[in-house]
Amino acid sequence: MSQRTVGGGVTSSPSSANPPLSAAATQMKAAGDRAFERAEKTSAEFFAITYGALVRQMLVDHNENPDTVNSQLDLMGERIGVRLIEDFAAKSGVPACRTIAQAAECAARVGLKMYLGISANVDILPPSTVQGVGNSNANTDSSTTVVITFDENPLNLFVELPEVLQNTLWYSNVLCGVLRGALGQVGFLCQVTFTKDVLRGSETNEIRVRFVGREKETFKVADLQK
C-alpha cells in the first residue's frame, strides 16, 4: 500500500464529480498543485494521529465540553493562520487578491492543497441566498459568502466520533480558525464556520466564509513578492 503524505502538510484524493472550472479557478488550482509538489511532505497517518491526540487531550482538559473545545480549536487555528500567511505568500507564488471572493478561493484552492493536500471546490453564493444581505451586486465584498467543500480531510483519518459528540463537536474546527486568521492578516474580516462534516454523517465537508468587513492589512502580499 502506498504511503499517504501531506504537503507542508498532507496528500488526499481529489474530490469526485467536480464541475468545470473557470479560467481563474483553473489557474488557482494549478498554483495549488505546483505549491503542493514543492512542499515538504509529512506522513498523513502521523499527522492525523497527532491531531487526534490533541483533540482528545482538549476534551479531557475541558471536561468533555465540545463547545469549549470547538472554540479552542478555532482560536488555535487563528493563531496558526496569522503566522502562516507570510509563508504562504512567499511560497505559493499567487498574486495579491483584491476581493474576499478571490482571497477565499485562493485560500481554498491553493492553501488547503499546499498544506494539507486537500482538493477543494469553491462556490460563491448569490446575495439572495445569504440571510440579511440586501445588496444586489454579487461582485461586491458586502454580498459575499464563499462555500468551500472537500470530500477528504486528512485530519479525519482513523476517526469515528462517539455518539455523544456526533452533533456537537466540530472535529476539524482548527481549519476555520486558520482561514479566518490568514484572511484577517490581508485585510478581510470574516466569519468562518463548518456547516457539514463527514464525521457527522454528511456526504462531504463544507466550510462557509462570510465577509463581515475590511481593515488595513497587517502585511502586503505584493510587497513580500517584490
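Owing to the predicted nature of the structure, the values given are computational and were not obtained by experimental measurement.
Here D61 pairs with Q57 under the side-chain hydrogen bond (donor to acceptor under 3.5 Å, both in side chains) rule; sequence neighbours left out. Listed by chain and number, the residues in a side-chain contact (heavy atoms from CB on, under 4.5 Å) with T26 are L21 (sequence neighbours excluded). Partners of V198 under the side-chain contact (heavy atoms from CB on, under 4.5 Å) rule, at least two apart in sequence or in another chain, are N156, N205. Applying the side-chain hydrogen bond (donor to acceptor under 3.5 Å, both in side chains) test to T193 and every residue at least two apart in sequence or in another chain returns nothing. Among residues two or more places apart in sequence or in another chain, the side-chain contact (heavy atoms from CB on, under 4.5 Å) test is passed with R34 by A30, A31, R38. Applying the side-chain hydrogen bond (donor to acceptor under 3.5 Å, both in side chains) criterion to R56, with sequence neighbours excluded, gives E64. Q72 pairs by the side-chain contact (heavy atoms from CB on, under 4.5 Å) definition with M58, H62, T68, L75, not counting sequence neighbours.
The salt bridge (Lys or Arg N to Asp or Glu O under 4.0 Å) pairs that include a residue from residues 176-193 are D74-R180, E78-R180, where partners are two or more places apart or lie in different chains. Identified under the ring pair (Phe, Tyr, Trp, His ring centres under 6.0 Å) test for residues 160-180, with sequence neighbours left out: Y51-Y171, W170-F194. Pairs passing the salt bridge (Lys or Arg N to Asp or Glu O under 4.0 Å) check and including a residue from residues 154-165, sequence neighbours excluded, do not occur.
Applying the under-4.5 Å side-chain rule to Ile, Leu, Val, Met, Phe, Trp and Tyr, the cluster around F46 consists of that residue alone. Hydrophobic cluster membership for V212: L189 (Ile, Leu, Val, Met, Phe, Trp, Tyr linked by side-chain heavy atoms under 4.5 Å, directly or transitively).
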